Visitor: 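Below you'll find the structure I mean.
What you see is a predicted model; the values in this text were computed from it and never measured. All chains are named by letter (A, B, ...) in the order of the sequence lines, taking the proteins before the strands, and each is independently numbered beginning at 1.
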Amino acid sequence: MELNDHEINRLVIEGAKGDAQSCQKLYEHLVEKVYPYVRYRVARNEQATDVTQDVFIDFFATLKAFTFQTRAQFYAYVFVITRRKLARYYNKAPHKLHNETVEFDETTTPQLEVDGEGSAENRLDVIAALRSLDEQTREIVVLHHWSQYTFGEIAQLLDLKEAAVRVRHHRALQRLATILTR
Amino acid sequence: MKNKTNITTLIDTARLTLSEPARLSLWQSIKATLPDAVPTVAVITSSAPTERAIPSPYFSNQLTYKTMAAFLILLTLVLGSGGATAFASDAAKPGDVLFPLDRALENIRLSLAASTSTRVALTQKFTAERMQELRDIINEEVTVLPASSLLEASSTVTDMVTTVAPLTITATVFTDTTVVKLTLNGQVFYFQTTATTTPDIVVAIESRFPVVTDTQVSEALTVVTKARASQPADQGIVVLTNAGGKRISTAVEAVIQFLDHTSDSTSERKEVLTQLATEMAGITGTTTISRDHDTIELASDTGHVKIHLDNGDGTSSIAFQRGATEIKVEGKDNDYEIHTEKKDEVTTPTPTQTLPAVVMTATIFTDTTVVALTFGPDTVYFSTSATTRTAIMTAIKEHFSALTADQIDTALTVATQNRASLPEDSGSMVIPPTATSTTEINTDQYRDDEGKKHDNENETAQDETSYRAPSVLDDTATVSYDTEREHKREND
């Protein structure tokens, strides 16, 4: 669900008051950004759903304390919560996962309700290729292509300059092209 | 080779999203936790028609309207507190805003715990979380800035596609201590441990970096033995900014407040914690914060806090001392114990290691600006095209992100030299002048630190170890090393 800045601001205000409809619209807008990133960072769909749920629970619980300024600032706030929940997940996971070695669970994906737009094999190839990038560059690719943030928004999320984000993204595509066309 | 559009399409189609039913189902679960949400699952209602139960993952028993009203008032008061509204979007970090909000929610859970056993279990869980958060913040804020880390930093400046390996670990066993250097995605961390064998070193590493696995540590670890005592250059240079120190003391304050809130036994402990909390809250950077091996010490006029990140057996502890009373939280994983002890003697807290002051000098030559940063016995140099104080400060900040603008402004001295720079200005080998000229070096060859021959320094093609004047269009900066340190490293 696409929203402009004014709509986000209004929904934040109304959602902070407890309006469920406003909260749902915010959820519909943000889940398309949060879930793909979380899903990439955890091993299984169930875990991604759990972490995503935790993110939104905290998000709505703290919405009263949030003051909307810009879209990028809003996304950065959600990103902070997401990162924190992922950190908690890593600390509590029975098997310790390094945040670079995401295990793609091919066996569970067909069973759960995910709606990938390509073949599972393509997803495996892309994820394997992403591992050849350093962590920050990988984050840029995932946040841009899967969470669909703009380069300016990613710059704020990762505390980088937008030019640096663009350069890294460009070089990442070059490297991925080399790997994926072998 | 497929064009960019095809690659973009390949990546885009690998995106995983939730299906419509899954998205709706997830929303229903979230909706049930909203403050005014109407429950969508079966709930137990009381016989009184005015009461209804509100299921929520944050509560272990049902609420009535009366308790829910009290909860909403409490939540509003907590969320409306100064700590929650102090959120700054640009500098937002996980601990700054969410600490007080998390604590508020935890306090509510504790106060609404149905049984003593539930309360005890929750207290254990939250204590472990406070300790882990404190460890995380210490590892984030206490950074190391040795010259070697600049090499890795400069490689990312000149080439955005870095080739730095994700994880490399070197453990050097000296006669007095073992220094572990861990490089993780371009960031360098140092810590010391008493472990001398590979298995013990692996345990020490995993206790500090829980996100790395046994396999990753084993594959990345190299153990080296040196038949000498460690030197400051081996241990890295520990830098703790004022903001970082404040963040650590804030996290310590969070632990104190949590212990204060959950202490319902000895009044003496509560009194000590309450007074300590007041003192820690009043700290504005004048308190001494030091680090020695695995210990962080925070000392105020009357109180003393010592944090041990690793006691050697995987446990960590934090000890609060005020006067003759010491309160110690010690444990591992989710199992922590709190002890209160009376000390016979009141020891005056003294820092075991003071952090070196940073001295910065920037000299603006006609061809470039050379910046020298001295941390204790070590000096590192880099060159930049910046010619104003503001631009030089920005360049310093880019190389040393752990330093604040205030620190840089306080420590920086800028001077101007109406001449071109010379190798000795940046710590490189000094070229002896020829007999015919004392200012112009044209024909002599010289050898750099590694003994490689070079033609005169006015050539534009130079190797990486020599000083290079950046071009007008080149915003990158090269880093050269203090010659003395390079010789020392080669001789080790």
Side-chain angles (χ1 to χ4, degrees), chain A residues 18 20 23-24 27-28 31-32 35-36 39-40 49 52-53 56-58 60-62 64-66 69 73 76-77 80-81 83-84 87 90-91 96-100 112-118 122-123 126-127 134-137 141 145-146 164 167-168 171-173 175-178 180-181, chain B residues 1-4 6-8 10-23 25-27 29-31 33-38 57-58 75-76 79-80 84-85 87 89-90 92-94 97-98 101-102 105 129 132 136 160-162 164 166-167 185-186 206 210-214 216:
Chain A
C23 290
Q24 185 172 5
Y27 161 78
E28 294 287 346
V31 73
E32 296 296 316
Y35 181 83
R39 180 61 186 87
Y40 176 72
T49 305
T52 303
Q53 178 176 327
F56 280 102
I57 287 172
D58 263 16
F60 289 120
T62 60
K64 281 185 179 175
F66 177 77
Q69 295 176 5
Q73 170 247 13
Y77 181 65
V80 164
I81 299 175
R83 278 265 182 95
R84 187 176 171 82
Y90 290 134
N91 284 337
K96 294 186 177 175
L97 281 176
H98 190 278
N99 55 13
E100 288 188 13
L112 294 185
E113 297 155 318
V114 291
D115 191 18
E117 298 171 9
N122 172 56
R123 283 197 291 272
V126 169
I127 288 176
D134 65 277
E135 184 187 3
Q136 195 166 62
T137 306
V141 172
H145 290 274
W146 293 351
V167 168
R168 281 183 177 247
R171 294 187 180 185
L173 289 190
R175 180 163 180 84
L176 292 174
T178 305
L180 291 172
T181 55
Chain B
M1 176 182 292
K2 292 187 179 181
N3 59 32
K4 183 178 175 181
N6 287 342
I7 292 301
T8 302
L10 269 178
I11 299 171
D12 288 344
T13 53
R15 178 175 184 248
L16 283 178
T17 59
L18 284 171
S19 64
E20 184 74 17
R23 194 163 60 245
S25 172
L26 181 58
W27 166 245
S29 302
I30 295 167
K31 184 180 177 183
T33 69
L34 296 180
D36 293 327
V38 175
Y58 286 98
L75 190 59
T76 304
L79 294 182
T85 55
F87 176 76
S89 62
D90 288 340
K93 293 194 183 298
V97 174
L98 300 179
L101 298 174
D102 258 3
L105 293 169
E129 287 183 7
Q132 183 60 47
D136 291 344
M160 286 298 185
V161 181
T162 178
V164 174
L167 176 64
N185 296 317
E206 289 180 352
V211 293
V212 294
T213 65
D214 290 334
Q216 287 168 327

Visitor: From Arg23(B) CZ over to Glu28(A) CD, what is the distance, rounded to the nearest 0.5 angstrom?
Guide: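 One gets 5.0 Å once the value is rounded to the nearest 0.5 Å.
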Visitor: So which atom in Lys31(B) and which in Ala20(A) form the shortest heavy-atom distance, rounded to 0.1 Å?
Guide: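 For Lys31(B) and Ala20(A), the tightest heavy-atom pair comes out as CE-CB, 4.3 Å.
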Visitor: With rounding to the nearest 0.5 Å, note down the distance linking CG in Leu18(B) to OG1 in Thr52(A).
Guide: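 The CG atom of Leu18(B) sits 6.5 Å away from the OG1 atom of Thr52(A).
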Visitor: Within the structure provided, determine whether Trp146(A) and Thr17(B) are in side-chain contact (heavy-atom separation under 4.5 Å).
Guide: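 No, side chains not in contact.
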Visitor: Within this structure, what is the NE2-CG distance for the pair His145(A) and Leu10(B), rounded to the nearest 0.5 Å?
Guide: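 Those atoms lie 11.0 Å apart.
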Visitor: Rounded to the nearest 0.5 Å, how far apart are CD1 of Ile30(B) and OH of Tyr27(A)?
Guide: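 Between atom CD1 of Ile30(B) and atom OH of Tyr27(A) there are 5.0 Å.
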Visitor: Could you tell me if the side chain of Phe56(A) sits less than 4.5 Å from the side chain of Thr33(B), heavy atoms only?
Guide: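 Of all side-chain heavy-atom pairs linking Phe56(A) with Thr33(B), none is under 4.5 Å.
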Visitor: Does any non-hydrogen side-chain atom of Val126(A) lie less than 4.5 Å from one of Thr13(B)?
Guide: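 Counting from C-beta outward, Thr13(B) and Val126(A) never come under 4.5 Å.
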Visitor: Let me see the working for Leu173(A) and Ile11(B) under side chain to side chain contact (heavy atoms under 4.5 Å, CB included), right down to the final yes or no.
Guide: CA-CA 9 Å; Leu173(A) 289 190; Ile11(B) 299 171; 3.6 Å; yes
